[in-house]
Q: 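Quick one: the structure is below, and I'll ask about it shortly.
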Amino acid sequence: MSRSAVSKLVLGLAAAALLVAGACAQESGDNPLVIGAPGPQGPDDTDIEQPETPDDLDEVVDDAIRDVEAFWEETYPDLYGGPFEPVQAYYGYGPNTEMPPCGNPRPTYEEIADNAFYCPESDIIAADEARLIPFLAEQFHPFTIGIVFAHEYGHAIQ
């Protein structure tokens, strides 16, 4: 399966998951989302090439953003009749970094901890790289990070 096909599959699954999840932000604490064990595999499943997940979460984030932008680069003109323009920047933050350039005054870390969001006034996507990204990777698998960026990019497209 080509990287493009895998990206489209992951993004399609991400869209379905987002419809079910329904919300962007969640307060800190236990995450109620429970992911069940994979279902039984049939004989045809052994021929499916599984994508490799990088060990470095920065690389996972970069790949996720690149994949989402590639999806919209291809899909946007057909849906909206014009060229796709990516967001201005991705902004990773944490308790010991400058906060994203969104709002006046900028939010404090406590206000946006454990979250990801799209900021229309700055045209950026920001995510808590100190706590949210590692939590998603550890609890649900690094591919979940792609779902978060697909969701936030959906806000940018809106």
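Residue numbers count from 1 along this sequence.
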Q: Side-chain contact, heavy-atom cut-off 4.5 Å: Thr144 with Gln139?
A: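 They are not in contact (no side-chain heavy atoms under 4.5 Å apart), so the answer is no.
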
Q: Compare every heavy atom of Pro107 with every heavy atom of Pro100, then report the nearest pair and how far apart it is.
A: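 Nearest pair, atom of Pro100 first, then Pro107: O-CD, 4.1 Å.
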
Q: Taking Tyr93 for the side chain and Ile112 for the main chain, is one N or O donor matched with an acceptor at less than 3.5 Å?
A: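 Side chain of Tyr93 to backbone of Ile112, a donor-acceptor pair under 3.5 Å: yes, one is there.
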
Q: Specify the closest pair of heavy atoms between Ala156 and Val87, including all atoms of both residues, with the distance to one decimal.
A: CB-CG1, 3.6 Å

Q: Quick one about Glu69 and Tyr153 (side-chain donor to acceptor, distance below 3.5 Å, no hydrogens or angles considered), yes or no?
A: yes

Q: Under the side-chain hydrogen bond (donor to acceptor under 3.5 Å, both in side chains) rule, what pairs show up with a residue in residues 117-126, not counting sequence neighbours?
A: Tyr118-Asp123

Q: Any disulfide (SG to SG under 2.5 Å) involving residues 123-158? Give me the pairs, sequence neighbours left out, ordered by first then second residue.
A: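 Checked against disulfide (SG to SG under 2.5 Å) - neighbours excluded - no pair reaches residues 123-158.
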
Q: Does any part of the side chain of Tyr90, heavy atoms only, come nearer than 4.5 Å to the side chain of Val61, both counted from C-beta?
A: yes

Q: Rounded at 0.5 Å granularity, tell me how far OH in Tyr91 sits from CD in Glu98.
A: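 Answer for the OH-CD pair, Tyr91 versus Glu98, is 4.0 Å.
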
Q: Rounded to the nearest 0.5 Å, what separates atom CD in Glu138 from atom CD1 in Ile133?
A: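 The CD1 atom of Ile133 is 13.5 Å from CD of Glu138, to the nearest 0.5 Å.
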
Q: Listing request: all disulfide (SG to SG under 2.5 Å) pairs with a residue in residues 126-158, at least two apart in sequence or in separate chains.
A: none

Q: Could you tell me the separation between the CZ atom of Phe149 and the CG atom of Asp67, rounded to the nearest 0.5 Å?
A: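 Here the interatomic distance stands at 12.0 Å.
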
Q: I'd like to know if the side chain of Glu59 and the backbone of Asp56 have a donor-acceptor N/O pair within less than 3.5 Å.
A: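 Checked: no pair found.
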
Q: Do the non-hydrogen side-chain atoms of Phe140 and Ile145 ever get within less than 4.5 Å of each other?
A: no

Q: Can you find a pair of side-chain heavy atoms, one from Pro101 and one from Arg106, that are under 4.5 Å apart?
A: yes

Q: Leu132: what forms a side-chain contact (heavy atoms from CB on, under 4.5 Å) with it, not counting sequence neighbours?
A: Ala116, Asp128, Leu136

Q: Could you report the tightest heavy-atom contact between Ala130 and Tyr109, atom names first, then the distance?
A: CB-OH, 4.4 Å

Q: Just grab all the disulfide (SG to SG under 2.5 Å) pairs involving residues 76-139, residues at least two apart or on different chains.
A: Cys102-Cys119

Q: Any side-chain to backbone donor/acceptor pair from Arg131 onto Asp114? Under 3.5 Å, distance only.
A: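 Checking the backbone N and O of Asp114 against the side chain of Arg131, no donor-acceptor pair under 3.5 Å is found.
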
Q: Could you tell me whether the side chain of Thr75 and the main chain of Trp72 form a donor-acceptor pair under 3.5 Å?
A: no

Q: Measure across Leu57 and Pro134 and return the closest heavy-atom pair with its distance rounded to 0.1 Å.
A: CD1-CA, 3.7 Å

Q: Could you list all the disulfide (SG to SG under 2.5 Å) pairs where at least one residue sits in residues 124-158, not counting sequence neighbours?
A: none

Q: For the CD1 atom of Ile125 and the CD atom of Gln88, what is their distance to the nearest 0.5 Å?
A: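 Going from CD1 on Ile125 over to CD on Gln88, the span is 11.5 Å.
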
Q: For the residue pair Phe143 and Val60, establish whether any side-chain heavy-atom pair is separated by less than 4.5 Å.
A: no

Q: Can you tell me how far apart CG (Asn115) and CD (Glu152) are? Round to the nearest 0.5 Å.
A: 7.0 Å

